[in-house]
Every structure is written in structure tokens, then in C-alpha cells.
*Asks:* 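There's a structure below that I have some questions on.
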Amino acid sequence: LLEVEALFAQLTYTIAYSIGKGGVLESEEGTLQQTIGYGNDGQEVKVKEADADHYLMCWDDGVATPARQENDVKQDQAVTALFGRYMPLEPAQFNGFDNGAIGESWYTLAGGESGVAWEIASTPQGGRYLDGAFAIADGRRGGIKETKAYLYSPRYRLTGVTGGVI
């Protein structure tokens, strides 16, 4: 006589949310780390600015809203809410391109088969001539077939002006 016992367990996945500098959790505690059964929905998570000097840029997977909820979960996920700091509008702080750097509060997101690194150039690119230094991303390097690259500028605040954000 052969006895067989089958043990079944539901597949579960972890959703891990992180909040970058300048942001805080607005939704209830305990939502930053969630264990979700296969195909189920997670709880909504909402973030907000920690103070008036910061703003939500986006989540690092490109979601632009402060609130999000993962639906039909079928894999582990980890995302971070990215916050920027409003910058004073002074020409010396527009960017650090002339110094060979992206500059404070600028940020990039890349996707596709391979991430694309942004770099600073001051020489002609692809037959185009620009005055001064500028940011470039070349998706053709390394035989990449498809890529997406985004460069976001800081948000600037005008002092002494109502609604002075540009």
C-alpha cells in the first residue's frame, strides 16, 4: 500500500516601496512592504513631499502619480519614489554642463534592452553643432536595438512671486 500526501501552498510575492530623500509616506503604515498572493492586488501606497522645498519627480519605474497600487501581481517588485528639490532661479545653477556634470536636481530614467548613460559633450554630435556644453544619450552604442532615455530638468522657484514655480 502506497500513501501519497500532496502539500499545496499559495505563491506569494513581495512588493517593496522605498521613499527617496524629500518625501514621506502619506498612506497608512505597513504598506511599504507587502506580501501578495499570486494574481492578487496590493494595497494602495501614497507618498507626498516632506516639505515645501521638495516635489515628487516620479517613481523610478516612470509612474508619475503619488498614489499607486500594483494589480494582478505575478512577480516580486521594488520601486522608489524620487523627489527633487526646488532650485533658486540663478543662471549659475541652471546645470553643471559647462563643468562636465549633469548638475544638482537633474535626473535621468532609461529603459529598453539596456539603460543608456547620459553624458556631457561640448563637441559636434551627429553633424550637429551646439554652442557650449550639453547633455547627450546615444542609444546606438553596443548594438542596442531599443532603448528609451529621459533627461529631466529641475523645477525652479521664483522668490517673491505667487505660484512662482517654473
Side-chain angles (χ1 to χ4, degrees), residues 4-89 93-97 99-120 135-139 141-158 163-166:
V4 177
E5 180 180 346
L7 301 174
F8 297 95
Q10 181 181 16
L11 292 173
T12 58
Y13 298 98
T14 300
I15 302 172
Y17 298 100
S18 300
I19 303 172
K21 183 179 178 181
V24 294
L25 180 66
E26 186 172 351
S27 54
E28 63 184 68
E29 290 294 325
T31 56
L32 290 178
Q33 185 88 11
Q34 301 178 26
T35 301
I36 309 298
Y38 178 86
N40 292 329
D41 299 339
Q43 289 180 274
E44 181 182 76
V45 170
K46 189 172 184 180
V47 295
K48 66 179 182 177
E49 297 81 6
D51 54 48
D53 292 332
H54 291 87
Y55 64 94
L56 174 67
M57 294 188 296
C58 69
W59 294 84
D60 65 359
D61 63 355
V63 173
T65 59
R68 66 180 296 153
Q69 179 181 13
E70 311 315 313
N71 297 305
D72 194 25
V73 175
K74 295 181 180 170
Q75 65 184 18
D76 291 332
Q77 297 178 39
V79 292
T80 301
L82 304 173
F83 289 84
R85 185 171 57 88
Y86 287 111
M87 301 297 292
L89 188 57
Q93 295 180 346
F94 283 165
N95 61 56
F97 296 171
N99 297 326
I102 293 288
E104 186 178 358
S105 291
W106 287 75
Y107 71 103
T108 65
L109 292 176
E113 291 182 13
S114 176
V116 173
W118 284 86
E119 30 183 298
I120 305 302
I136 63 166
D138 188 350
R141 294 187 183 167
I144 299 169
K145 294 178 183 173
E146 179 183 337
T147 189
K148 296 177 186 175
Y150 304 93
L151 175 66
Y152 295 89
S153 70
R155 290 186 184 179
Y156 295 98
R157 174 171 284 147
L158 301 174
V165 176
I166 59 171

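Predicted model, so just to flag it, every value in this text is computed and none were measured.
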*Asks:* Going from OG1 on T65 to NZ on K46, what distance comes out if it is rounded to the nearest 0.5 angstrom?
*Replies:* 9.5 Å
*Asks:* Test of understanding: with side chain to side chain donor-acceptor pair (under 3.5 Å), list the residues that count as partners of D72, not counting sequence neighbours.
*Replies:* K74
*Asks:* Any idea which heavy atoms bring V24 and E49 closest together, and the distance?
*Replies:* CG2-O, 4.0 Å
*Asks:* On a heavy-atom basis, which atom in S27 and which in V45 lie closest, and how many Å separate them?
*Replies:* OG-CA, 3.5 Å
*Asks:* So how far is it from L32 CG to Q43 CD, rounded to the nearest 0.5 Å?
*Replies:* 10.5 Å
*Asks:* Under 3.5 Å, is there a donor-acceptor pair between the side chain of Q69 and the main chain of G42?
*Replies:* yes
*Asks:* Evaluate side chain to side chain contact (heavy atoms under 4.5 Å, CB included) for I36 paired with Q77, printing each intermediate quantity in order.
*Replies:* CA-CA 11 Å; I36 309 298; Q77 297 178 39; over 6 Å; no
*Asks:* Roughly how far, to the nearest 0.5 Å, is the CG atom of N71 from the CG atom of N40?
*Replies:* 10.5 Å
*Asks:* Looking only at non-hydrogen atoms, find the nearest pair between C58 and A64 and report the distance.
*Replies:* CB-CA, 4.1 Å
*Asks:* Are D61 and R68 close enough that some pair of their side-chain heavy atoms sits under 4.5 Å apart?
*Replies:* yes
*Asks:* Heavy atoms only: give me the nearest I19-F83 pair and the separation to one decimal.
*Replies:* CG2-CE1, 3.8 Å
*Asks:* State, to 0.1 Å, how close G37 and Q10 come at their nearest heavy-atom pair, and which atoms those are.
*Replies:* CA-NE2, 3.3 Å
*Asks:* Say whether, by atom type as modelled, one donor and one acceptor occur between the side chain of D53 and the main chain of R85 under 3.5 angstrom.
*Replies:* no
*Asks:* Can V73 and Q34 be said to form a side chain to side chain contact (heavy atoms under 4.5 Å, CB included), step by step?
*Replies:* CA-CA 11 Å; V73 175; Q34 301 178 26; over 6 Å; no
*Asks:* For residues 14-45, which residue pairs qualify under ring pair (Phe, Tyr, Trp, His ring centres under 6.0 Å), counting only residues two or more places apart or in two chains?
*Replies:* Y17-W59
*Asks:* Does the S18 side chain pair with the main chain of T80, one donor and one acceptor, at a distance under 3.5 Å?
*Replies:* no
*Asks:* Taking it one step at a time, do Q33 and T14 satisfy side chain to side chain contact (heavy atoms under 4.5 Å, CB included)?
*Replies:* CA-CA 7 Å; Q33 185 88 11; T14 300; 3.1 Å; yes
